[in-house]
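Shown next, in structure tokens, is the structure this report addresses.
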Amino acid sequence: MSKRVLIVDDAIFMRMKLKDILEKNGFEVVGEAQNGLEAVEKFKSERPDLVTMDITMPEMDGVAALKSIKQIDSNAKVVMCSAMGQQTMVMEAIQSGAVDFIVKPFESDRVIQSLNKAIR
Amino acid sequence: MDDNSKYRDLFFEETDEYLQTLNECLLELEKDPEDSSVLDEIFRAAHTLKGMAATMGYKTMSELTHSMESVLELYRNGKNLITSEIISLVFKCLDRLSEIVEDIREEKYDEIKIEDLVLELSSVAKGGPNAGNNKVAQEVDTFSSEMSETDKLIIHNANEKGYNAYNIIVTLEAGCLLKGARAYLVVNKLEQNGEIIHTEPTTEKLEEGDFENSFNLIYLSKEDAKEIKELIEDISEIEKVSIEKISLDENLAREAVVEDKQIKQTKEEKVEEVVYSKEKDKPKSNIHHASQSIRVDINKLDNFMNLVSELVIYRTRLEDISGKVNYTEINEPLEQVARITSELQDLVLKIRMEPVNVVFNRFPRMVRDLTKELKKEIELVIEGEETELDRTVVSELGEPLIHLIRNAADHGIESVEKRKTLGKSETGLIKLSAYQEGNRVVITVSDDGKGIDPEAIRESAIRKGIDVKGLGEKDLIQLIFHQGFSTAKQVTNVSGRGVGMDVVRQKIISLGGSIEVHSEVNVGTDFIIKLPLTLSIIQSLMVEVGRHTFAVPLGIIDKVVRVEKEEIFKSHSNEVYMYRGKAIPVIRVNEKLSLETTDDEKHIILIQLGDQHYGLLVDGLIGQQEIVIKKLTGILSKMKEYLGATILGNGDITLILDAGNLCSERTVEKIG
């Protein structure tokens with residue numbers, strides 16, 4: 001069965017791009033959220049196998065969303081999506097239980113490799 | 001490289017939005033430099049743009065946004081204070097970004113140079129008070145490549161407790177980004193099942209990513225080598241993991257036993273927690289009522305609109321035919337079709353509506369720039385920006401409004417000194433407002449500046465050889481819309497060479513609207529623009545002129561009256577009709593269109609353009625009808641007398657009269 005993924009990013013563009021990469025590689029995108037609060041809500045309702053989480057977002061940033069999700073389900077698999085220059089945030093995310101991170105600009109291969117490993 | 005071409009449209013759309021957000025937020029920040037939430041938003045927008053540009057492979061754009069972001073970061077942590085210089089610099093960056101985006105849109109890549117801005121940005125970044133004062137001072141590498149005595153001791157003790165010590169070399173994939181975080185991920189994962197007692201390079205360097213592609217770890221764990229290896233390999237972007245078990249020389253170990261007590265203190269220090277949720281208790285409301293929406297290509301909507309229009313045409317034809325055949329059973333379904341078509345029509349019109357905000361939102365920035373350029377104090381107040389209009393109208397509206405606002409700033413608002421001597425507040429006010437009134441939208445541009453002096457207009461008009469005899473003050477002011485007229489004594493950069501106002505009026509008229517001006521010396525000037533909600537389907541009055549049928553848009557008609565020949569008077573060379581005690585000019589439509597007239601009963605259609613009434617003399621009235629405007633193309637489009645054409649129920653084609661044009665030509669004649 002294909003793995004169910006929740007995509008979180010504030011830019012529609014990024015979500016489209018990621019969704020495309022994922023669907024081409026046999027993942028099922030079960031939801032999209034454009035900020036941390038939405039992400040937490042969608043996580044509760046969809047219970048995805050995996051979450052890709054952007055870091056900089058309005059309302060609630062990715063790290064805070066990660067923490068909330070981890071409180072809901074400590075086994076939740078969250079892969080952070082970061083850009084260059086967000087080292088501290090990524091580290092905080094890892095500290096808070098993110099399984100991996102991918103760096104923008106996204107390259108399909110790397111994204112898929114990371115997600116496959118994260119989900120194992 | 002991935003194929004990104006299909007994301008282009010989306011990319012542009014979102015980029016435009018983010019650039020707009022940046023502009024707006026910067027203006028806000030300028031007003032209140034200490035508002036950290038605005039700064040955060042700016043930072044986020046710049047950051048998102050960077051990510052998007054990088055993903056699309058637009059290098060120049062991502063470089064520039066990256067530099068911007070780095071500078072903004074300095075201000076974000078609150079150490080540097082926002083100055084108007086930095087805001088101007090970021091504005092400059094935004095302008096450059098817009099240029100770059102425009103270029104990309106036209107498929108020109110990396111032609112615009114950004115070095116100057118990047119240089120400026122980096123000099124700001126360096127010039128900051130905390131320049132060169134990196135938080136984590138670089139320590140000299142205190143760890144030798146040899147294991148320290150303490151390490152050996154720890155390993156010895158660990159061995160006794162059943163832990164194994166491993167020397168691990170992790171090599172990251174070439175091109176791995178954020179190496180520091182990647183390394184941290186490895187460290188973090190390993191620490192869940194054991195303890196890292198030594199790293200090469202140091203933990204700090206490791207976390208900063210200050211190493212080539214590989215690093216060394218000494219790791220204590222009960223797990224066996226294979227499991228540890230798998231654990232690390234489970235992390236992405238790891239090229240290679242080599243692991244070997246360390247066995248200590250017994251002698252060394254015994255020596256080390258003495259310093260047993262140190263063991264407990266050697267736990268790796270955790271990275272300090274960075275509290276990053278700067279987000280204050282922002283209202284969380286907007287996620288809840290965010291309704292689902294999709295983006296649609298405007299061409300599809302235009303197409304949809306056209307199809308609905310066709311449907312309306314054939315509905316009218318069907319109604320026409322059913323009136324003739326006297327087949328009653330058809331009436332009920334036909335009524336339903338009529339109802340559904342008008343609902344459909346309503347719907348497509350609504351879909352095409354766009355808030356005027358789309359045009360208005362660029363003005364705060366424009367006025368800010370004008371303020372700097374003209375060295376005046378101007379405040380722009382915007383009201384009713386949520387008012388909606390047909391998309392086509394909205395997109396055409398920008399140009400005339402820019403013109404009016406520039407005029408208001410340049411010619412209207414006086415200099416600070418002048419305002420002081422006049423006893424006005426130092427800050428001039430320009431007000432832009434929009435509201436819906438029936439089936440039209442009214443947009444006003446007002447300023448509290450010096451107003452238009454009718455005497456100045458009179459002098460200028462006489463100099464230009466325009467006949468001003470018999471014109472009252474109000475009429476004189478209307479002359480500003482006359483072709484080739486300008487009262488500005490000097491041509492400035494900001495506004496006009498005297499070609500402006502008539503172009504503005506032409507534009508508004510071509511959108512089926514009207515513009516009028518009210519002005520009082522030293523009090524201010526108001527421009528009032530009235531626009532139809534939509535351009536494509538209108539209610540109209542069908543009239544007869546010389547056995548031909550024409551349509552007149554209902555929106556501009558004030559009243560229709562039947563007249564006898566004697567009720568039309570001659571005054572000077574023109575004919576007038578007395579309406580509410582006022583003489584209004586009469587236009588014989590048949591003369592305008594060079595048609596023969598019948599001697600049948602005559603009607604005057606009273607129309608209002610701006611605050612001026614006109615009477616259109618037509619032969620007969622046919623009735624009211626909903627018509628679909630089809631634009632005239634080719635050579636026909638040069639015929640100014642017509643707005644367009646429409647297809648009637650019986651299949652005939654009828655021209656739609658452009659009343660504004662018929663009447664305004666007369667005014668020009670009168671003046672000229």
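No experiment lies behind these values; they were computed from the predicted model shown. Labels below follow one simple rule: chain letters A, B, ... track the order of the sequence lines, proteins then strands, and each chain is numbered from 1.
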(request) Apply side-chain contact (heavy atoms from CB on, under 4.5 Å) to the pair B:Val101 and B:Leu19, showing each step before the final yes or no. (result) CA-CA 10 Å; B:Val101 173; B:Leu19 283 176; 4.3 Å; yes
(request) Return the option, out of A:Val90, A:Asp10, A:Ile12, with the maximum number of heavy-atom pairs under 4.5 Å with chain B. (result) A:Ile12
(message) Quick check on A:Val99 against chain B: is it the side chain, the backbone, both or neither that has a heavy atom closer than 4.5 Å?
(response) backbone
(request) Could you tell me whether A:Asp20 and A:Lys24 have a side-chain N and a carboxylate O separated by less than 4.0 Å? (result) yes
(message) Using a 4.5 angstrom heavy-atom cutoff, name the option from B:Ala181, B:Gly180, B:Gly51 with the most pairs to chain A.
(response) B:Ala181
(request) Pick one of side chain, backbone, both or neither for B:Glu233, based on which atoms fall under 4.5 Å of a heavy atom in chain A. (result) backbone
(request) Specify the closest pair of heavy atoms between B:Leu64 and B:Ile100, including all atoms of both residues, with the distance to one decimal. (result) CD2-CD1, 4.1 Å
(request) Please state whether the side chain, the backbone, both or neither of B:Lys189 comes within less than 4.5 Å of a heavy atom of chain A. (result) neither
(request) Under 4.5 Å heavy-atom distance to chain B, tell me which part of A:Ala93 shows up: side chain, backbone, both or neither. (result) neither
(message) Less than 4.5 Å to any heavy atom of chain B: does that hold for the side chain of A:Val63, its backbone, both, or neither?
(response) neither
(request) Using a strict 4.0 Å threshold on nitrogen-to-oxygen distance, state whether A:Lys44 and A:Asp73 make a salt bridge. (result) no
(request) Would you mind checking if A:Asp54 and A:Lys104 are paired as a salt bridge, meaning a charged N to carboxylate O distance below 4.0 Å? (result) yes
(request) Using non-hydrogen atoms and a 4.5 Å limit, figure out which bit of B:Glu237 sits close to chain A: side chain, backbone, both or neither. (result) both
(message) If the threshold is 4.0 Å, N to carboxylate O, is there a salt bridge linking B:Arg182 and B:Glu173?
(response) no
